[in-house]
Each structure stands twice: as structure tokens, then as C-alpha cells.
Amino acid sequence: MPRPSPPQKQRHHHHHLSLFLLAVLLHSFTGNAATTQQFREAPKFYNSPICASISTAAAAAAEFCSNEAVHVAMTLDAAYLRGSMAAILSVLQHSSCPENIVFHFVSSSSDLLGSIISKSFPYLKFRVYAFDDSAVSGLISPSIRTALDCPLNYARNYLANLLPPCVQRVVYLDSDLVLVDDIAKLSATPLGDRAVLAAPEYCNANFTSYFTPTFWSNPSLSLIFAGREACYFNTGVMVIDLQRWRDGDYTTKIVEWMELQKRMRIYDLGSLPPFLLVFAGNIAPVDHRWNQHGLGGDNFRGLCRDLHPGPASLLHWSGKGKPWARLDANRPCPLDELWAPYDLLQTQFVLES
């Protein structure tokens with residue numbers, strides 16, 4: 001089968017925070033009105049003395065290939081931009097070496113959203129990679145929640161193709177989370193000799209529920225998990241060895257399961273099940289503190305939830321309820337107050353066109 005082409009510490013705060021507002025316009029038209037979001041400029045964060053330098057005057061582009069850098073991949077879209085901005089700020093604020101973090105953003109609206117990022121984070125090292133929704137939209141089967149069917153939700157499948165070949169390891173982050181710890185610790189997760197990715201596993205979850213009776217009743221399919229101690233893991237926080245991914249052509253393996261799903265319904269949940277089919281039972285472990293997930297409730301009602309027992313380094317509002325929406329509606333859950341300090345939105349108002 002041909003290889004599928006990609007859809008194209010809080011330490012030194014030094015609050016050089018501009019007091020003026022950045023009038024950044026993001027238009028999403030509903031009838032005759034355009035919703036306008038204004039984001040303020042984030043502070044500049046500086047490396048601590050222990051940090052290696054990844055920048056050289058002679059080759060500024062080299063920092064995008066530096067092994068000393070922490071490479072972070074995220075998607076950017078209008079609906080989740082406010083969450084993305086908060087996530088970026090949280091990563092920088094809690095890093096010992098924030099100037100050594102390189103962001104790789106995948107977006108279907110690369111020019112507009114990239115300019116918004118650069119205005120709020122003028123010192124950020126980042127690139128935006130164009131993602132062609134049409135290249136993956138034909139592979140998507142309807143799931144239990146419409147938001148899960150967005151083509152950009154599948155961009156994580158194509159990171160190894162989209163990012164420069166010199167980038168060997170990346171931390172993938174969803175947009176509905178904040179870090180409260182140094183991302184360098186997460187990036188340094190050992191992958192061992194063979195693992196392609198690392199993520200927190202949840203072996204108490206009912207793994208069978210992620211696939212349909214059609215899947216489990218077909219031995220030629222269900223035997224895929226034979227000999228594997230397959231456990232659920234959340235794909236919103238992953239450490240990925242991109243070179244091992246490329247060598248194993250894992251994009252093709254995921255796409256093959258998506259193509260089968262179009263012919264016979266073997267799962268109900270968006271982009272997660274193909275990852276489980278390919279990787280569950282074969283990933284490197286990450287402490288649960290790095291994905292306190294489910295804070296958005298379930299996929300239907302989005303009710304409030306508490307933290308899982310134990311320490312937290314990353315808070316993740318996976319599920320239907322998003323903290324910015326609940327705060328705007330004046331119906332926040334208690335834990336949404338932990339997200340609010342990272343919110344860069346200044347005002348929101350409606351202009352009549």
C-alpha cells in the first residue's frame with residue numbers, strides 16, 4: 001500500500017508585559033455578526049543559567065532541528081484558539097528553559113492563526129504547517145461527538161510527515177490543557193529500545209468498550225490484541241519518537257484501520273481507536289500526573305469532575321465541557337478556576353457587519 005502523503009517556573013517572569021491591548025481579530029461569521037476575540041501579549045520568559053543555548057546568530061533555523069530543544073506539536077484552529085493560547089502560556093511559564101522550547105503548529109488556517117500567535121507571543125520560536133483537511137476528511141467516520149470528527153483532530157497521525165525530518169522527538173499536546181510543571185521532564189521520558197510513543201496508561205478502564213461488538217466478534221480483528229497487555233491511553237498527551245514512527249510507517253498502519261472503519265463500523269470514538277489498535281500494549285509508560293484528563297466530563301453532558309488521586313503536572317479538560325465556555329457562561333466547575341489564570345483573552349464583543 002503506498003505511503004499516505006500528509007495533509008499538507010515559574011522562574012524568571014521579567015514581566016515585559018505590554019499594557020496596551022493587542023487588537024487581534026479572529027472572525028467567525030454567524031449570520032450578520034462577526035465574533036471578535038482580542039488577546040493580550042504574554043510576558044517574555046527567560047532561560048535560567050543552567051540552560052544550554054539552542055540559538056546561534058549564524059544559523060537561526062538550526063534551533064528547529066536542535067536536539068537540545070524541547071519540541072512541542074499542537075494543532076491550531078479557531079474554535080480552540082483560546083485554549084491553545086492558554087496551553088502555550090502554561091508551558092512557557094513553568095519551564096526552566098522556555099527559550100529552548102520550539103513549537104510546531106499544524107493548522108488549516110495557517111496564515112491567520114500564525115499571525116495571532118506571533119502577536120501574543122512575539123518571542124516564541126514556532127513554525128506553522130499547513131494541513132489539508134480534504135486529504136483526510138474522506139477517511140473520517142461519524143463518531144459520538146461532532147467535535148471529534150474535525151479533520152484537524154487527525155493531524156497527530158501525520159506529524160512525522162509534516163515536521164522536518166531532523167525533528168526526532170516531539171511532545172504532542174491537545175489544546176484543552178495546561179501544564180503546571182516543566183515540560184522538559186515530560187519530553188525526557190525514556191522510550192526504551194523499541195517504543196514509538198509514551199503516554200499515561202489507564203489499565204483499569206474498560207478497554208473492550210472502545211470497540212464495537214462487530215470488532216470483538218470477528219476473530220481476525222480482535223486477535224490483533226493477542227499477546228499484548230492492551231490498555232487505554234489518551235492521545236492528547238504523547239511523547240513521540242518521530243524517527244521510529246517514520247521507520248515503521250505508522251501513518252499507513254493508522255490509515256489502514258480508518259479505511260476498514262469506513263467499510264465496517266468497528267469503533268465509535270473519532271481518532272483514538274486507530275491509535276489503540278496500532279499502539280496499545282506497546283507504549284512506554286508515563287506517570288499519570290502528566291495527564292489528569294477527563295476534567296471536561298464525558299462526551300455527552302460534560303459534567304464537573306474532580307482530579308484523580310495523586311499529584312498533577314498537567315490538567316486536561318478532555319470531554320465535552322471546556323473551561324473557557326463554562327467560565328463565559330458563568331457556570332464554571334471548581335477546577336476551571338485553575339485554567340483561568342492562563343487565559344489571554346482580553347475582551348469579547350460583537351460587531352454588526
Side-chain angles (χ1 to χ4, degrees), residues 1-8 28 71-81 83-84 103-114 126-165 167 170-176 196-197 199 210-212 215 221 224 233-238 240-242 244-280 299 318 320:
M1 180 175 180
R3 183 189 184 108
S5 58
Q8 274 239 26
S28 57
H71 294 274
V72 179
M74 299 177 67
T75 58
L76 288 180
D77 72 333
Y80 283 83
L81 181 62
S84 301
F103 283 86
H104 303 268
F105 297 119
V106 180
S107 176
S108 305
S109 308
S110 53
D111 293 339
L112 172 62
L113 299 182
F126 76 92
R127 285 182 180 171
V128 182
Y129 306 85
F131 185 78
D132 181 7
D133 287 352
S134 64
V136 71
S137 57
L139 292 168
I140 298 174
S141 302
S143 67
I144 61 173
R145 183 158 63 91
T146 304
L148 300 176
D149 301 335
C150 170
L152 198 60
N153 204 37
Y154 292 79
R156 70 197 83 191
N157 301 1
Y158 299 91
L159 294 176
N161 309 65
L162 290 165
L163 272 57
V167 179
V170 70
V171 178
Y172 174 81
L173 298 176
D174 272 353
S175 297
D176 52 357
V196 177
L197 64 85
Y210 291 96
F211 302 94
T212 63
F215 174 86
L221 297 177
I224 189 70
F233 65 93
N234 180 281
T235 55
V237 179
M238 298 184 289
I240 305 173
D241 186 315
L242 293 178
R244 291 180 183 176
W245 183 295
R246 297 177 185 113
D247 292 344
D249 196 11
Y250 284 97
T251 297
T252 294
K253 292 177 170 63
I254 289 174
V255 167
E256 287 173 344
W257 283 110
M258 293 175 67
E259 289 174 337
L260 177 62
Q261 165 77 351
K262 294 292 288 186
R263 298 195 297 272
M264 55 188 298
R265 193 166 182 86
I266 58 174
Y267 55 80
D268 294 323
L269 261 180
S271 62
L272 168 66
F275 265 83
L276 297 180
L277 286 160
V278 174
F279 293 111
N299 283 305
S318 58
K320 184 177 182 180

Ignoring hydrogens, what is the shortest heavy-atom contact between [X] and [Y]? Give both atom names and the distance.
| X | Y | answer |
| --- | --- | --- |
| P164 | R246 | O-NH2, 3.2 Å |
| I240 | L159 | CD1-CD1, 4.2 Å |
| P273 | G270 | CD-O, 3.5 Å |
| A199 | N234 | CB-O, 4.4 Å |

Return the [atom1] to [atom2] distance between [X] and [Y], rounded to the nearest 0.5 Å.
| X | Y | atom1 | atom2 | value |
| --- | --- | --- | --- | --- |
| L260 | I266 | CG | CD1 | 4.5 Å |
| N161 | D249 | CG | CG | 8.0 Å |
| R127 | L162 | CZ | CG | 13.0 Å |
| L152 | L76 | CG | CG | 8.0 Å |
| F131 | T75 | CZ | OG1 | 9.5 Å |
| D241 | D247 | CG | CG | 8.5 Å |

### Task
Apply side chain to side chain contact (heavy atoms under 4.5 Å, CB included) to K253 and list each qualifying residue two or more places apart in sequence or on a separate chain.
Y250, V278
Apply side-chain hydrogen bond (donor to acceptor under 3.5 Å, both in side chains) to [X] and list each qualifying residue two or more places apart in sequence or on a separate chain.
| X | result |
| --- | --- |
| D176 | H316, K322 |
| T212 | none |
| S84 | S175 |

Contact check, side chains of [X] and [Y], non-hydrogen atoms, under 4.5 Å:
| X | Y | result |
| --- | --- | --- |
| V136 | M258 | yes |
| F211 | L221 | no |
| Y158 | I254 | no |
| L277 | F215 | yes |

### Query
What residues, two or more places apart in sequence or in another chain, satisfy ring-ring contact (aromatic ring centres under 6.0 Å, His included) together with Y267?
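Listed in chain order: nothing, the list is empty.
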### Message
If the condition is ring-ring contact (aromatic ring centres under 6.0 Å, His included), which residues does Y172 pass it with, not counting sequence neighbours?
### Response
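Y172: no ring-ring contact (aromatic ring centres under 6.0 Å, His included) contacts found.
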### Task
Indicate the ring-plane relationship of F105 and F103, choosing parallel, tilted or perpendicular according to the 30° and 60° boundaries.
parallel
### Message
Using 30° and 60° as the class boundaries, would you call the ring planes of W245 and F275 parallel, tilted or perpendicular?
### Response
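If you compare the ring of W245 with that of F275, the planes turn out tilted.
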### Query
Can V237 and D174 be said to form a side chain to side chain contact (heavy atoms under 4.5 Å, CB included), step by step?
CA-CA 7 Å; V237 179; D174 272 353; over 6 Å; no
### Task
Take V72 and L173 through the test side chain to side chain contact (heavy atoms under 4.5 Å, CB included) and record every step on the way to the result.
CA-CA 7 Å; V72 179; L173 298 176; 3.8 Å; yes
### Query
Counting N and O atoms only, with roles assigned by atom type, does the side chain of T251 sit under 3.5 Å from a partner on the main chain of N157, one being a donor and the other an acceptor?
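Present.
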